[in-house]
There are 2 protein chains.
Amino acid sequence: MVKPLFKAMQVLRIVCESSQALTLKDITELSEIPKSTVYRYLYTLIAMDMIDYNSNNETFSPGLGLWWLMQSADPFSKLRQVSSKERRSLMRKFNETVNLGVLTGSEVLYLEIVESARSLRMQAQPGARDDIHSTALGKVLLAFRPRSQWEALIPEKLVRHTDKTLVQRNEVLANLEEIRRTGFAIEYGENEDGATCIAAPILDSNGVSLAAVSVSAPSSRITDALKKEIIVELSKCCAIIENKFIRDIPNSAGR
Amino acid sequence: MVKPLFKAMQVLRIVCESSQALTLKDITELSEIPKSTVYRYLYTLIAMDMIDYNSNNETFSPGLGLWWLMQSADPFSKLRQVSSKERRSLMRKFNETVNLGVLTGSEVLYLEIVESARSLRMQAQPGARDDIHSTALGKVLLAFRPRSQWEALIPEKLVRHTDKTLVQRNEVLANLEEIRRTGFAIEYGENEDGATCIAAPILDSNGVSLAAVSVSAPSSRITDALKKEIIVELSKCCAIIENKFIRDIPNSAGR
DNA sequence: GCTTGCAATTTCATGTCATGAAACCATATG
DNA sequence: CATATGGTTTCATGACATGAAATTGCAAGC
């Protein structure tokens with residue numbers, strides 16, 4: 001474990017996670033690392049373009065270097081690109097918000113959101129996270145993982161978000177079984193009151209979920225007929241993405 | 001200048017810029033840093049989630065940590081989000097590819113591209129770069145910068161991309177003046193044969209270009225009438241984005 | 001204009017710890 | 001079985017990261 005590297009990354013993280021540009025003093029305090037040390041880290045990171053220095057107000061902010069790194073490194077960029085058209089057309093079809101998410105750690109991560117044009121619509125920011133057990137996206141992602149992961153990711157004690165949240169581990173596990181059978185997840189206000197969400201998985205060639213797509217809308221708008229239609233279109237959409245993705249993948253099958 | 005940090009960043013960069021996952025040996029050779037040192041860097045970076053280790057084939061690839069950093073740090077995320085709907089609707093209006101770009105260093109950087117659905121269409125990848133002097137996007141971005149920057153960014157010797165490329169500095173400077181007067185740039189096959197591109201700037205409150213939007217299409221499809229229409233719609237689009245962006249900005253006016 | 005305060009730089013003696021050669025280990029290949 | 005290849009660990013060495021403290025630079029207050 002290389003200490004200067006470790007500490008410098010903390011500094012970088014602090015700079016990146018702050019919404020405002022920070023001064024040396026700020027960073028020193030937040031990181032609890034001596035001033036002169038932080039100073040040298042910053043200096044080095046600036047030389048590498050990881051951090052920008054604004055000489056007007058003597059503040060530090062995230063630099064373009066990171067962006068360059070991501071440009072080639074973003075593990076989801078293929079997924080996003082490949083799926084972008086399908087998700088957009090799905091959004092237009094029902095005029096409801098369409099989300100793309102993946103499992104990270106024990107949460108769902110929203111990668112990208114195509115918002116509907118309606119004024120009453122579901123809203124979230126890319127990068128936001130939610131619990132697995134209370135979202136259709138989360139449950140469908142987990143359902144299509146090896147069952148050995150289920151127990152690890154669904155703890156005994158589950159956070160209640162609304163009246164309808166499943167807080168019993170057994171309930172959730174049963175739900176996962178059903179999702180795995182039917183191929184999609186549906187959730188009525190378990191995560192947020194009045195919000196319904198329908199999700200389907202994007203699977204790799206082994207049948208393990210890579211990502212999932214969901215349509216989320218105010219419960220009031222989701223009639224039974226519409227629900228059926230959404231499920232059909234959503235499944236179609238995911239199947240197409242799956243296909244595209246698998247055909248596109250050879251370049252990531254290294255050496 | 002903190003050496004371990006500096007070298008570790010090189011390693012990180014190598015891992016990120018490679019299209020395949022690399023082995024320790026690969027990285028050692030590419031970075032020309034001793035094996036054991038690279039090993040420790042990698043180990044540390046893995047602990048920080050900046051790099052992923054795949055134990056199956058003993059390879060290293062970019063990790064999620066970077067993605068998290070970018071999530072909050074991406075200097076263009078606001079611009080992208082704020083402009084996304086306008087650019088999409090512009091694409092639909094003419095069914096031609098719409099680009100969003102910024103100036104970095106002495107090149108144009110394509111931030112995001114909304115592709116038209118036509119089979120003959122302009123294509124580029126986000127993160128791609130082009131010369132300033134041969135693209136509408138580049139010229140419009142530079143035209144709306146202080147004139148003092150013009151000379152610095154337009155060298156005496158200009159690279160010729162096609163028959164039509166302006167390779168005389170004076171020609172380009174005159175062109176910039178005109179663009180500044182008219183408010184948009186148009187380019188017929190100066191960068192690529194048969195490709196026409198029309199661009200307009202997104203300006204900050206001082207009239208300096210932050211970014212630019214362009215419509216690019218095969219020259220054969222761009223009639224005079226269509227050209228005029230595109231210019232009108234493109235200008236409208238940019239004006240709307242400008243407005244949204246300026247209204248949204250307060251949170252980035254730090255401390 | 002002088003002083004005071006605050007934050008950014010720079011200095012420097014100290015000893016930590018990053019370093020890389022070499023040894024070691026695990027696995028594949030002939 | 002021998003050999004090679006690449007990953008992992010060890011270890012003595014001294015380079016260099018470190019942080020306290022001094023210095024500079026700037027701005028506000030008196």
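Chain letters run A, B, ... following the sequence lines, proteins first and then strands; every chain starts at 1.
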For [X] and [N], give me the distance from atom [atom1] to atom [atom2], rounded to whole Å.
X     : N      : atom1 : atom2 : result
A:L42 : C:dA7  : CG    : P     : 16 Å
A:L5  : D:dA17 : CG    : C1'   : 13 Å
B:N56 : D:dG6  : CG    : C1'   : 17 Å
A:E58 : C:dC6  : CD    : P     : 16 Å
B:F60 : D:dG6  : CZ    : P     : 14 Å
A:Y43 : C:dT10 : OH    : P     : 8 Å
A:K25 : C:dA8  : NZ    : C1'   : 12 Å
A:N57 : D:dA27 : CG    : C1'   : 15 Å

If only side-chain N and O atoms of [X] are considered, is one of them under 4.0 Å from the OP1 or OP2 phosphate oxygen of [N]?
X     : N      : answer
B:S36 : D:dT8  : no
B:Y41 : C:dG20 : no
B:T37 : C:dG20 : yes
A:Y39 : C:dT10 : yes

For A:E192, look at atom CD and say whether over 12 heavy atoms of other residues, nucleotides or ligands are found less than 6.0 Å away.
-> no
A:E151 atom CD, over 12 foreign heavy atoms within 6.0 Å = no
For A:Y53 and for B:I33, find the nucleotide of DNA chain C with the closest heavy atom, then tell me which residue's nucleotide is more 5'.
-> A:Y53
Identify, between A:V2 and A:L24, the residue whose nearest nucleotide on DNA chain C lies closer to the 5' end.
-> A:L24
Hey, are A:N99 and A:S214 close enough side-chain-wise for a donor-acceptor pair under 3.5 Å?
-> yes
A:D26 and A:T23: side-chain donor and acceptor closer than 3.5 Å?
-> yes
Measure from NZ or CZ of B:R129 to the centre of the six-membered ring of A:W68, then state whether that distance is under 6.0 Å and the direction lies within 45° of the axis.
-> yes
Determine whether any donor atom in the side chain of A:K35 lies under 3.5 Å from an acceptor atom in the base of C:dA8, or the reverse, and answer yes or no.
-> yes
Where each pair must be Watson-Crick or G-U wobble with both distances under 3.5 Å, what dot-bracket representation of DNA chain C is obtained, with crossing pairs in [ ] and other-strand partners as |?
-> |||||||||||||||||||||||.||||||
Between B:E29 and B:K25, does a salt bridge (Lys or Arg N to Asp or Glu O under 4.0 Å) hold up when you go through it step by step?
-> CA-CA 6 Å; B:E29 283 164 1; B:K25 188 179 187 257; 2.9 Å; yes
Nearest 0.5 Å please: distance from the CZ atom of B:R87 over to the CD atom of B:E112.
-> 4.5 Å
